[in-house]
Peer 1: 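Here's a structure for you.
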2 protein chains.
Amino acid sequence: MFPEFATYIKAQANLSDHDIELIHSKAIEKKLRRKEFLLHQGEVCRYKIFISKGLIRTYATREQGSEHILRFSAENSWTTDPESFEFDTPSSLNIDAIEHSELVLWTKDDLRYLITNIPGLKTYFDKLMTSSGSLFRQRILSNISSTAEEKYEDFVKNYPEISARAPLHMVASYLGVTRKTLTRIRHAQVKGK
Amino acid sequence: MFPEFATYIKAQANLSDHDIELIHSKAIEKKLRRKEFLLHQGEVCRYKIFISKGLIRTYATREQGSEHILRFSAENSWTTDPESFEFDTPSSLNIDAIEHSELVLWTKDDLRYLITNIPGLKTYFDKLMTSSGSLFRQRILSNISSTAEEKYEDFVKNYPEISARAPLHMVASYLGVTRKTLTRIRHAQVKGK
DNA sequence: GTAGAAACGAGACAAATGTCCTCGCATCCG
DNA sequence: CGGATGCGAGGACATTTGTCTCGTTTCTAC
């Protein structure tokens, strides 16, 4: 788990072996089985989570129990509830595993310590934040301007891995449409060819 | 224009008079008449823009000329195209004025200089980024999980000022529905009472 | 390997939303 | 002051999307 992270972060940031050791010393490794939860809504999200293997979903639920996926996180990506993590408030989100997954976690205090003491890590997280902002804007634009079919096509194009691995009803939940709509779209595309 | 900004920023960040002067020395003031553009798609967005008075929209257009509003910015808020601003790439967004507006602008280089030399300003922008991320997540969640009526209600609740000042078809464009849908919702609400 | 659960597709119908059009009113500007 | 324009409303109809439900297939855990 940590070795995969080390490989990834070395490629993304300029870090010395000593830096890596320091980061390692604060890391918590964790395995999650399918459907196992890392965070239930109502709990405080105490960790920033790196996914070294597997597939994780971060989602909200509404009154009637419907689930709405805010983010999929596969290998070499991150998740957390930023608000709960930052302000120690109860989270409104759930995080669980779609596949058996392997994670590396850091607490807020440890992460803050690492970031202030490792400039290369700070640079990396700044980049990460910039690009996540950009993805947010793209997603909003797609949401307000595209048809369901375009949204689905964009999703498949941007996340071919995830669209192949996540069940269809979860993709629907991510896109904000029903399972039915998505099957219709797929059917139409097959016929269209 | 700058005085309004100074009042605002003093309330938001811990800055000395000297800091304010320094920020002032880099600021560019600009007035924009209704429908006047600050940025056309294809241009590079060279400024981070503070709105001291008026109402600004930031939007994308699609093939058929439809407009999709990414953000409204009224007094005491900011806008820019973050990607174009950051990387000097041609913007895909347009920025224009819904009302006669007064703005204060800074270039990227000047802003970077100010942020590195004024810690209080850095703290302020970090906070701003955090809260804008949080708003993005809320908006995405609303987009994928709410009915058009709920989206409209949320918008009115969260931005009563803007919903009163922006024309209905622009609110529709922000929410990702047609003007028609919005008038229907309003009509239904009136009847419902 | 097998039992149970999960995922998928689809039919029938209902509801929501979009498209295209016209109208009327207010406002703005020459 | 008068014509042009922007804006909101709404009728008529088409299209999209959702709901509910069922049966089949596929996957998974033991």
Side-chain angles (χ1 to χ4, degrees), chain A residues 31-37 54-55 57 59 62-69 72 96-101 142-153 155-156 162-192, chain B residues 32-37 54-55 57 59 62-69 72 96-100 142-153 155-156 162-192:
Chain A
K31 293 190 181 187
L32 225 53
R33 289 188 303 187
R34 216 169 96 86
K35 309 210 174 178
E36 207 174 341
F37 279 80
L55 185 57
R57 79 210 246 250
Y59 64 100
R62 299 195 36 140
E63 310 80 42
Q64 317 80 358
S66 57
E67 299 175 347
H68 305 278
I69 297 180
F72 291 109
D96 69 6
I98 298 175
E99 305 172 352
H100 283 218
S101 300
S142 159
N143 270 313
I144 63 175
S145 72
S146 301
T147 64
E149 182 163 6
E150 288 168 333
K151 285 185 229 174
Y152 179 64
E153 279 169 7
F155 180 74
V156 172
I162 291 173
S163 76
R165 286 158 65 183
L168 197 64
H169 74 269
M170 289 192 190
V171 175
S173 150
Y174 176 91
L175 295 176
V177 300
T178 58
R179 183 166 75 247
K180 179 77 187 176
T181 300
L182 223 48
T183 50
R184 275 198 271 243
I185 288 170
R186 285 181 144 192
H187 185 66
Q189 287 181 343
V190 171
K191 275 174 73 176
Chain B
L32 225 54
R33 289 187 302 187
R34 220 168 92 87
K35 307 208 175 178
E36 206 174 341
F37 279 80
L55 185 58
R57 79 213 246 248
Y59 65 99
R62 300 196 35 143
E63 310 80 41
Q64 317 80 358
S66 57
E67 299 175 347
H68 305 278
I69 297 181
F72 291 110
D96 69 6
I98 298 175
E99 304 173 354
H100 283 219
S142 159
N143 269 313
I144 64 175
S145 72
S146 301
T147 63
E149 181 163 4
E150 289 168 330
K151 285 186 228 174
Y152 178 64
E153 279 170 7
F155 179 74
V156 172
I162 291 173
S163 75
R165 286 158 65 184
L168 197 63
H169 74 268
M170 290 193 189
V171 175
S173 149
Y174 176 91
L175 295 177
V177 299
T178 58
R179 186 166 70 247
K180 179 75 184 174
T181 300
L182 223 46
T183 52
R184 274 197 272 243
I185 287 169
R186 284 180 146 192
H187 185 65
Q189 287 181 342
V190 170
K191 274 173 72 175

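Just so you know, these numbers come straight off a predicted model, no measurement behind them. Just so it is clear: chains get the letters A, B, ... in the order the sequence lines come, proteins before strands, and each one is counted from 1.
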Peer 1: Is the distance from OP1 or OP2 of D:dG10 to the nearest side-chain N or O of B:His187 less than 4.0 Å?
Peer 2: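 Answer is yes, contact under 4.0 Å.
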Peer 1: Provide a list of protein-nucleic acid N or O atom pairs under 3.5 angstrom, restricted to nucleotides 28-30 of chain D.
Peer 2:
none

Peer 1: With the criterion being N/O to N/O and under 3.5 Å, what pairs connect the protein with nucleotides 17-23 of chain D, and how long is each?
Peer 2:
unit_1 : atom_1 : unit_2   : atom_2 : d
D:dG18 : OP2    : A:Thr178 : N      : 3.0
D:dG18 : OP2    : A:Thr178 : OG1    : 2.8
D:dG18 : OP2    : A:Thr181 : OG1    : 2.1
D:dG18 : N7     : A:Arg184 : NH2    : 2.4
D:dG18 : O6     : A:Arg184 : NH1    : 3.2

Peer 1: Can you see which heavy atom on B:Ser146 is nearest to which on B:Glu150, and at what distance?
Peer 2: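 That closest heavy-atom pairing would be CA-OE1, 3.2 Å.
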Peer 1: Rounded to whole Å, please give me the gap between CZ in A:Arg165 and P in D:dT26.
Peer 2: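 My rounded result for the distance is 22 Å.
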Peer 1: So how far is it from B:Ile144 CD1 to A:Lys151 NZ, rounded to the nearest 0.5 Å?
Peer 2: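 Atom-to-atom, B:Ile144:CD1 and A:Lys151:NZ are 9.5 Å apart.
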Peer 1: More than 12 heavy atoms of other residues, nucleotides or ligands under 6.0 Å from CZ of B:Arg179: is that the case?
Peer 2: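 Result for CZ/B:Arg179: open.
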Peer 1: Expressed as a whole number of angstroms, how long is the span from B:Ile98:CD1 to D:dC7:C1'?
Peer 2: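 After rounding, the gap between these two atoms is 14 Å.
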Peer 1: Above 12 or not: heavy atoms from other molecules or residues under 6.0 Å from CZ of B:Arg33?
Peer 2: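 Open.
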Peer 1: Please identify the 5'-most and 3'-most nucleotides of DNA chain C with any atom under 4.0 angstrom from a heavy atom of chain B.
Peer 2: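 Taking any atom under 4.0 Å from a heavy atom of chain B, the span is C:dT17 to C:dT19.
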Peer 1: Do the side chains of A:Asp96 and A:Arg57 get close enough for a salt bridge, i.e. N-O under 4.0 angstrom?
Peer 2: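 Salt bridge between A:Asp96 and A:Arg57, a charged N being under 4.0 Å from a carboxylate O: yes.
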Peer 1: Among all residues two or more places apart in sequence or in another chain, which pass the side chain to side chain donor-acceptor pair (under 3.5 Å) test with A:Ser163?
Peer 2: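 A:Ser163: no side chain to side chain donor-acceptor pair (under 3.5 Å) contacts found.
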Peer 1: In degrees, rounded to 10°, what is the bend between the two ends of the helix from C:dG1-D:dC30 to C:dG30-D:dC1, using five pairs at each?
Peer 2: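 The angle, to the nearest 10 degrees, is 70°.
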Peer 1: Roughly how far, to the nearest 0.5 Å, is OG1 of A:Thr147 from CD of A:Glu153?
Peer 2: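 If we round to the nearest 0.5 Å, A:Glu153:CD and A:Thr147:OG1 are 7.5 Å apart.
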Peer 1: Closest heavy-atom contact between A:Ser101 and A:Leu55?
Peer 2: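 In terms of heavy atoms, the two residues are closest at OG-N, 3.1 Å.
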Peer 1: Find the distance between NZ (A:Lys180) and CD1 (A:Ile185) and round it off to the nearest 0.5 Å.
Peer 2: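 These two atoms lie 12.0 Å from each other.
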Peer 1: Kindly indicate whether the side chain of B:Ile98, heavy atoms from C-beta on, has any atom under 4.5 Å from the side chain of B:Phe72.
Peer 2: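 SC-SC contact between B:Ile98 and B:Phe72 confirmed.
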Peer 1: Show me the donor-acceptor pairs, under 3.5 Å and distance only, between side chains in residues 166-175 of chain B and residues at least two apart or in other chains.
Peer 2:
unit_1   : atom_1 : unit_2  : atom_2 : d
B:Ser173 : OG     : B:Glu67 : O      : 3.0
B:Ser173 : OG     : B:Ile69 : N      : 3.1

